[in-house]
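As the structure is a computational prediction, the values presented were derived from the model and not from experiment. Each ligand, and each atom within it, is numbered from 1 in the order the structure gives. What's counted below: heavy atoms across the whole structure, side chains too, no hydrogens, waters or symmetry copies.
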Amino acid sequence: MTANLSAEEQRVLDNLRRVEDAVCDACRLAGRSRDEVTLMAVTKTVSPERINVVLDAGVTCIGENRVQEYLSKRDALHLDGVERHLIGHLQTNKVKRIVGEVDMIQSVDSVHVAKAIADASLKTAKGYTDVLVEVNIGGEESKSGVAPDRLPDLLSEIGTFEGIRVRGLMTIPPILHTEAEKRAIFYEMHKLFIDIREKKVDNVIMEVLSMGMSSDFAQAVLEGSTLIRVGSAIFGERQYN
Ligand SMILES: *Cc1c(COP(=O)(O)O)cnc(C)c1O
């Protein structure tokens with residue numbers, strides 16, 4: 001019900017409508033259907049009350065960065081029919097706590113973490129976890145993600161693990177300023193995605209390309225993103241305590 005929202009909650013709802021309009025515009029411009037792109041609300045640092053505003057408004061996918069934060073908020077969320085993804089860097093010692101609690105882990109970037117997720121998943125009722133492999137497309141030293149030239153080897157190796165299903169790729173590009181730079185890096189990422197798809201690695205399905213955040217989701221949609229991860233453009237600037 002939207003009748004008794006606080007001013008802050010109303011602002012979140014207005015932001016969501018603006019983002020949704022921009023996604024529709026980008027899809028139209030790209031000649032893509034709106035349902036080819038999933039809008040994920042990135043909920044790190046956001047209170048359950050504000051997250052529920054967007055869930056009640058029809059957002060069907062949320063992303064959290066930290067295992068502990070997600071687990072502490074989860075019971076207060078309106079999660080019926082909502083996909084939950086872990087998008088932050090995952091340490092092996094946290095794997096057991098998150099497997100079985102989310103629908104997808106987007107931040108796999110080593111054989112080590114993939115193996116830990118696979119082993120833990122085999123012990124769950126479902127028996128596997130959907131994952132994306134994170135690619136460091138900008139080649140930045142400080143960033144997590146696998147280098148593009150190491151991606152094929154990583155995929156062939158983790159494709160053999162029974163407890164995971166690789167469903168695509170995720171990337172966090174470097175901070176870019178011009179439209180052209182943003183599109184160029186997303187173009188490169190999409191090309192990598194298509195190349196891998198055409199190679200047909202065993203047990204590796206390339207159907208999800210997760211790229212685009214608040215400052216560049218329109219460019220990502222124009223270059224073939226199938227899942228955009230939007231936080232501050234919906235919820236406002238994050239307040240870290
Ligand atoms: C925080 C975060 C986002 C969202 O960032 P915004 O710029 O606020 O949209 C997307 N992806 C990842 C991996 C993040 O950590």
Side-chain angles (χ1 to χ4, degrees), residues 8 11-23 26 37-48 50-51 53-55 57 59-71 73 82-91 94 98 102-110 113 117 130-138 140 142-146 167-179 181-183 185-186 189-190 193 208-241:
E8 189 180 275
R11 213 159 26 240
V12 168
L13 204 55
D14 293 343
N15 288 342
L16 176 65
R17 297 216 169 101
R18 256 193 304 275
V19 168
E20 178 56 35
D21 285 348
V23 177
V37 182
T38 300
L39 170 61
M40 164 190 283
V42 174
T43 55
K44 59 174 176 264
T45 77
V46 180
S47 69
R50 281 158 71 213
I51 300 172
V53 170
V54 304
L55 296 180
V59 166
T60 57
C61 182
I62 58 167
E64 272 284 349
N65 287 64
R66 291 164 147 219
V67 172
Q68 190 50 48
E69 185 180 344
Y70 172 68
L71 295 177
K73 292 196 291 202
V82 173
E83 270 197 48
R84 306 143 307 159
H85 295 198
L86 186 80
I87 59 174
H89 186 72
L90 182 59
Q91 290 164 301
K94 301 274 173 63
I98 197 69
V102 288
D103 302 295
M104 186 181 281
I105 297 176
Q106 293 207 357
S107 43
V108 170
D109 65 353
S110 70
V113 165
I117 296 170
D130 285 320
V131 304
L132 303 182
V133 172
E134 182 176 348
V135 178
N136 183 357
I137 194 70
E140 295 166 285
S142 58
K143 281 262 171 79
S144 45
V146 59
R167 292 190 46 208
L169 305 177
M170 180 270 240
T171 197
I172 307 171
I175 294 170
L176 300 167
H177 301 286
T178 71
E179 295 268 315
E181 283 173 331
K182 290 173 187 175
R183 288 195 61 167
I185 203 120
F186 290 136
M189 191 62 207
H190 183 251
F193 177 76
V208 180
L209 179 55
S210 169
M211 61 183 193
M213 318 204 310
S214 290
S215 60
D216 54 17
F217 65 82
Q219 290 79 25
V221 168
L222 289 173
E223 298 300 342
S225 171
T226 72
L227 189 155
I228 54 176
R229 309 179 308 266
V230 182
S232 47
I234 295 174
F235 296 111
E237 285 308 311
R238 278 181 289 277
Q239 253 124 53
Y240 292 96
N241 303 314

* To do: Output yes when the distance from some N or O of ligand 1 to some N or O of Val42 is under 3.5 Å, and no in every other case.
  => no

* To do: Could you tell me whether some N/O pair between Asn65 and ligand 1 is separated by less than 3.5 angstrom?
  => yes

Just need the protein heavy atom nearest to [atom], so name the residue and atom and give the distance.
atom: atom 9 (O) of ligand 1; answer: Ser214 OG, 2.5 Å
atom: atom 11 (N) of ligand 1; answer: Arg229 NE, 2.9 Å
atom: atom 13 (C) of ligand 1; answer: Ile172 CD1, 3.6 Å
atom: atom 10 (C) of ligand 1; answer: Met213 SD, 3.2 Å

Which of the ligand 1 atoms, numbered from 1, are nearer than 4.0 Å to a heavy atom of [X]:
X: Ser232; result: 6 (P), 7 (O), 8 (O), 9 (O)
X: Gly231; result: 4 (C), 6 (P), 8 (O), 9 (O)
X: Val230; result: 9 (O)
X: Ile87; result: 11 (N), 12 (C), 13 (C), 14 (C)

* Looking only at heavy atoms of Gln106, does any of them come nearer than 4.0 Å to an atom of ligand 1? -> no

* Does atom CD1 of Ile175 have more than 12 heavy-atom neighbours from other groups under 6.0 Å away? -> no

* To do: Determine whether more than 12 heavy atoms belonging to other residues, nucleotides or ligands lie under 6.0 Å from atom CD of Glu179.
  => no

* Asked: For Leu90 and Ile117, what are the C-alpha separation, side-chain angles and deciding distance, and is it a side-chain contact (heavy atoms from CB on, under 4.5 Å)?
  -> CA-CA 10 Å; Leu90 182 59; Ile117 296 170; 4.1 Å; yes

* Just by distance, with hydrogens left out, do Glu134 and Ser107 show a side-chain donor and acceptor under 3.5 Å apart? -> no

* Give a yes-or-no answer on whether the side chains of Gln106 and His85 include a donor-acceptor pair shorter than 3.5 Å. => yes

* To do: Mind checking whether Lys44 contacts ligand 1 via backbone (N, CA, C, O), side chain (CB onward), both or neither, at a 4.0 Å heavy-atom cut-off?
  => side chain

* With a 4.5 Å limit on heavy-atom distance, are the side chains of Ile87 and Asn65 in contact? -> yes

* Check: Phe235 and Val54 side chains under 4.5 Å, non-hydrogen atoms -> yes

* Cationic N near anionic O, under 4.0 Å, Glu69 to Lys73 -> yes

